[in-house]
Each structure stands twice: as C-alpha cells, then as structure tokens.
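Right, one structure below, let's go through it.
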Amino acid sequence: MGNKISLVEMRISEKGKVIEIQGGYGMIRKLETLGIREGKEIKKLSAQLMRGPVIIQVSNTRVAIGFGMARRIIVEVSGNT
C-alpha cells in the first residue's frame with residue numbers, strides 16, 4: 001500500500017489511485033464529468049509554484065484543475081513513471 005496524500009502533495013510524474021474526494025455533491029459531480037472518480041488511476045503532470053492549477057492525466061486525457069479542488073482529492077501513491 002502507498003501513502004495517502006492529497007493531489008497537491010504528489011510529486012510530478014507520480015501515479016496513484018483516487019481513494020477519496022472530500023467535497024460536496026456539486027464538486028464530486030464536476031470531477032466525475034472530467035473522469036476523476038474514486039478508484040481511478042491518475043498521474044500528476046505539472047503544478048504551479050504558488051497555488052496554481054494542477055495538471056493530471058486520467059486515462060488518455062489531460063485535465064487542469066484548480067488548487068482548491070486538487071487539495072480535496074486524496075490519492076494513494078503507487079510510484080513514478
């Protein structure tokens with residue numbers, strides 16, 4: 001089992017599985033439309049230095065999400081690639 005951290009704490013190029021989304025119905029629904037849901041494998045591609053957007057890869061799609069949303073996505077880190 002890997003570490004359980006928020007998406008903003010992941011390092012660039014790390015992969016992990018979404019294990020929890022700490023948000024209300026609206027936020028969860030919006031993330032689901034982007035393909036981000038519990039159990040999904042994601043990879044962090046880039047992030048800004050000071051609270052900027054976080055770019056991740058979900059399946060074959062790249063998605064940019066805001067810092068506030070990213071810190072509420074809890075991920076179990078599985079490694080780099």
Side-chain angles (χ1 to χ4, degrees):
M1 289 285 197
N3 295 337
K4 296 177 183 176
I5 58 174
S6 75
L7 182 55
V8 296
E9 296 173 287
M10 284 178 75
R11 291 189 210 118
I12 293 171
S13 338
E14 268 187 328
K15 290 184 177 182
K17 185 194 301 188
V18 177
I19 58 169
E20 182 183 359
I21 298 174
Q22 300 172 338
Y25 174 78
M27 185 178 129
I28 292 170
R29 185 170 172 143
K30 179 170 177 124
L31 289 171
E32 284 180 348
T33 63
L34 297 172
I36 303 165
R37 60 182 58 89
E38 290 182 18
K40 208 61 161 147
E41 290 285 331
I42 62 171
K43 179 180 179 181
K44 186 172 180 177
L45 298 177
S46 72
Q48 300 297 318
L49 251 177
M50 300 295 289
R51 297 179 52 101
V54 177
I55 301 173
I56 60 171
Q57 182 171 344
V58 182
S59 301
N60 290 328
T61 306
R62 292 180 179 190
V63 178
I65 58 174
F67 183 87
M69 276 189 174
R71 70 185 169 107
R72 292 183 173 173
I73 300 171
I74 307 302
V75 178
E76 184 173 14
V77 178
S78 58
N80 293 353
T81 301

- Message: For S59, is there any backbone N or O sitting under 3.5 Å from a side-chain donor or acceptor partner on Q57?
- Response: yes
- Message: With clusters defined by side-chain heavy atoms of hydrophobic residues (ILVMFWY) lying less than 4.5 Å apart, directly or transitively, does V77 cluster with I19?
- Response: no
- Give the C-alpha distance, both sets of side-chain angles, the deciding distance and a yes or no for side-chain contact (heavy atoms from CB on, under 4.5 Å) between V63 and I55. CA-CA 6 Å; V63 178; I55 301 173; over 6 Å; no
- Counting N and O atoms only, with roles assigned by atom type, does the side chain of K44 sit under 3.5 Å from a partner on the main chain of M10, one being a donor and the other an acceptor? yes
- Message: Using side-chain contact (heavy atoms from CB on, under 4.5 Å), reason through V18 and L7 one step at a time and then give a plain yes or no.
- Response: CA-CA 9 Å; V18 177; L7 182 55; over 6 Å; no
- Item | Euclidean distance, T61 OG1 relative to I36 CD1, rounded to 0.5 Å | 10.0 Å
- What's the shortest heavy-atom distance between R71 and S6, and which atoms? O-CB, 3.5 Å
- R72 (side chain) donor-acceptor with G23 (main chain) under 3.5 angstrom: no
- Closest heavy-atom pair and its distance - V8, A70: CG1-CB, 3.6 Å
- Query: How far does CZ of R62 sit from NZ of K43, to the nearest 0.5 angstrom?
  - Reply: 8.5 Å
- Side-chain heavy atoms under 4.5 angstrom apart, residues restricted to Ile, Leu, Val, Met, Phe, Trp, Tyr: same cluster for I21 and M69? yes
- Before giving the answer on side-chain contact (heavy atoms from CB on, under 4.5 Å), spell out for N3 and V75 the whole-Å C-alpha distance, their side-chain angles and the decisive distance to 0.1 Å. CA-CA 8 Å; N3 295 337; V75 178; over 6 Å; no
- First locate atom NZ of K17, then atom CD1 of I74, and finally report the distance between them rounded to the nearest 0.5 Å. 15.5 Å
- Task: Please answer: with hydrophobic residues joined when any side-chain heavy atoms are less than 4.5 Å apart, are V58 and I73 in the same cluster?
- Result: yes
- Task: Show the numbers, then the answer: is there a side-chain contact (heavy atoms from CB on, under 4.5 Å) between M27 and L31?
- Result: CA-CA 6 Å; M27 185 178 129; L31 289 171; 3.9 Å; yes
- Under 4.5 Å between side-chain heavy atoms, hopping through other hydrophobics if needed: is there a path connecting F67 to L34? yes
- Out of curiosity, E9 CD to E14 CD, how far, rounded to the nearest 0.5 Å? 10.5 Å
- Are there more than 12 heavy atoms of other residues, nucleotides or ligands under 6.0 Å from atom CZ of R37? yes
- Item | Shared hydrophobic cluster, I5 / I56 (ILVMFWY, side-chain heavy atoms < 4.5 Å) | yes
